[in-house]
Amino acid sequence: MKVGILGLQGDVREHARLIDAAGATAIIIKHAAGLDEVAGLIVPGGESTTIGKLLDRFGILDPLRERIRAGMPVYGTCAGAILMAREVRGPEGVPHSIGVMDMAIVRNAYGRQVDSFETDLDVAGLDRPLRSVFIRAPIIEEVGSGVEVLAEFDDRPVLVRENGMLASTFHPEIAGDERVHRIFLDLIEEAG
Ligand code: GLN
C-alpha cells in the first residue's frame with residue numbers, strides 16, 4: 001500500500017520512516033498529481049501558515065480537499081491537524097486551510113512556558129502507553145458528534161478520528177513509535 005507524505009515543509013522524513021516501519025510504502029508528495037498514486041495522505045507538523053500557503057501556491061489545496069471529501073483517508077499531525085480543522089479559533093488564524101474535520105482548534109495554545117513537552121498517553125485500542133511529543137501544539141477545543149476521541153491529555157482531545165480522517169496535536173513520529181501510523185493504515189484498509 002502506498003501512503004503519501006505531504007512534502008512541502010515540516011517533519012516529512014520521520015513520517016516516511018514510520019509508514020515504512022508499519023509495513024506500507026511512503027511516497028513524498030509535492031504536486032497535486034501525486035495524490036492519484038496514494039491510498040492515503042499524511043499532513044505533517046511544521047508551520048500551518050507556511051504549509052497552507054504552499055498548498056495554495058502549488059495548486060494542491062482544492063484537489064486535496066476534493067479527494068478527502070471523496071473518501072481518501074488523511075492523517076494530520078500538529079500543524080496538519082490545524083489545517084484539517086473546520087474552525088481555527090483564537091488570535092492566530094491560518095490563511096489557507098483544508099477545513100474538512102468537524103472540530104475547532106486553537107494554535108499555540110499551551111503558551112510559552114510549556115510550549116514543548118513529552119508525555120505518555122493512553123490511546124484507545126493500544127495495549128501500552130504511547131510516548132508523545134508536543135511542540136508548540138494546538139488545543140482541540142471542540143469536536144462534533146461524529147468525531148471519536150482516541151486519546152486525551154489534560155481533559156482535552158489530542159488524538160481524534162472522524163471516518164477516514166485522523167488528527168493528533170502531538171508528534172508520534174518524533175518518539176519513533178509507529179502504532180498511530182498503524183491505526184492510520186487500518187483506516188486506509190477500512191476505506192478500501
Ligand atoms: N505551532 C505550529 C502552528 O501553529 C504547529 C507546530 C507543530 O506542527 N509542531 O502551525
Side-chain angles (χ1 to χ4, degrees), residues 3-19 26 28-30 40-58 60-61 64-65 68 73-121 123 130-143 150-154 156-162 165-181 183-184:
V3 177
I5 319 287
L6 185 70
L8 302 177
Q9 194 245 1
D11 55 345
V12 177
R13 300 214 161 274
E14 292 81 353
H15 279 292
R17 207 169 298 135
L18 289 195
I19 282 295
I28 313 286
I29 303 284
K30 297 190 177 195
L41 183 77
I42 293 183
V43 182
E47 192 59 43
S48 51
T49 310
T50 306
I51 299 174
K53 277 186 194 155
L54 294 172
L55 277 172
D56 180 59
R57 188 177 308 159
F58 297 143
I60 308 175
L61 195 54
L64 173 57
R65 200 181 286 122
I68 296 170
V74 60
Y75 171 29
T77 52
C78 203
I82 295 167
L83 289 168
M84 282 170 65
R86 199 156 287 159
E87 184 187 347
V88 180
R89 285 185 185 158
E92 296 175 271
V94 283
H96 302 282
S97 150
I98 308 166
V100 284
M101 230 175 142
D102 193 9
M103 62 181 180
I105 203 162
V106 183
R107 293 180 65 191
N108 300 318
Y110 288 97
R112 288 190 179 277
Q113 302 306 316
V114 287
D115 66 3
S116 298
F117 56 96
E118 292 188 31
T119 189
D120 290 321
L121 292 176
V123 174
L130 178 90
R131 191 74 183 159
S132 53
V133 182
F134 291 74
I135 303 170
R136 303 195 71 223
I139 285 182
I140 297 171
E141 270 200 348
E142 203 178 319
V143 293
L150 301 179
E152 287 184 333
F153 175 73
D154 250 0
R156 302 280 198 181
V158 292
L159 177 65
V160 292
R161 173 207 175 167
E162 183 184 11
M165 298 180 284
L166 187 67
S168 65
T169 60
F170 59 89
H171 295 267
E173 76 287 359
I174 290 179
D177 188 326
E178 81 273 9
R179 287 179 295 162
V180 178
H181 291 68
I183 292 174
F184 183 51

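First listed ligand is number 1; within each ligand, the first listed atom is number 1.
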**Message:** Quick check on contacts: which atoms of ligand 1 are under 4.0 angstrom from a heavy atom of G46?
**Reply:** 2 (C), 5 (C), 6 (C), 7 (C), 8 (O)
**Prompt:** Taking the inter-plane angle between the rings of H181 and Y75 on a 0 to 90° scale, is it parallel (under 30°), tilted (30 to 60°) or perpendicular (over 60°)?
**Reply:** perpendicular
**Request:** For I82, counting its heavy atoms only, list the atoms of ligand 1 lying under 4.0 Å from any of them.
**Result:** 3 (C), 4 (O), 10 (O)
**Prompt:** Counting only heavy atoms, which portion of R107 has something under 4.0 Å from ligand 1: side chain, backbone, both, or neither?
**Reply:** side chain
**Request:** Find all atoms of ligand 1 within a distance of less than 4.0 Å from any non-hydrogen atom belonging to S48, and give their numbers and elements.
**Result:** 3 (C), 4 (O), 10 (O)
**Identity and separation of the nearest protein heavy atom to atom 7 (C) of ligand 1** = C78 SG, 2.9 Å
**Request:** Would you kindly say whether H96 and T49 are connected by a side-chain donor-acceptor distance under 3.5 Å?
**Result:** no
**Request:** Apply salt bridge (charged side-chain N to carboxylate O under 4.0 Å, His left out) to E92 and list each qualifying residue two or more places apart in sequence or on a separate chain.
**Result:** none
**Request:** Identify, for atom 9 (N) of ligand 1, the protein heavy atom at the shortest distance, and state residue, atom and that distance.
**Result:** H171 NE2, 2.8 Å
**Residue among L166, V12, I19 satisfying side-chain contact (heavy atoms from CB on, under 4.5 Å) with I42** = I19
**Request:** Could you find the nearest protein heavy atom to atom 1 (N) of ligand 1 and give me its residue, atom name and distance?
**Result:** N108 OD1, 2.6 Å
**Asked** Short list, please: which atoms of ligand 1 are under 4.0 Å from a heavy atom of G45?
**Response** 8 (O)
**Residue R136 vicinity, atoms of ligand 1 by number, heavy atom under 4.0 Å** = 1 (N), 2 (C), 5 (C), 6 (C)
**Asked** Is the backbone of V106 close enough, under 3.5 Å, to the side chain of E141 for a donor and an acceptor to pair up by distance?
**Response** no
**Asked** Take atom CZ in R13; do more than 12 heavy atoms of anything else shown fall under 6.0 Å from it?
**Response** no
**Message:** Tell me whether ligand 1 is touched by E92 - counting only heavy atoms on the residue side and a distance under 4.0 Å.
**Reply:** no
**Request:** Verify, without hydrogens or angle tests, whether D177 (side chain) and R179 (backbone) share a donor-acceptor contact under 3.5 angstrom.
**Result:** yes
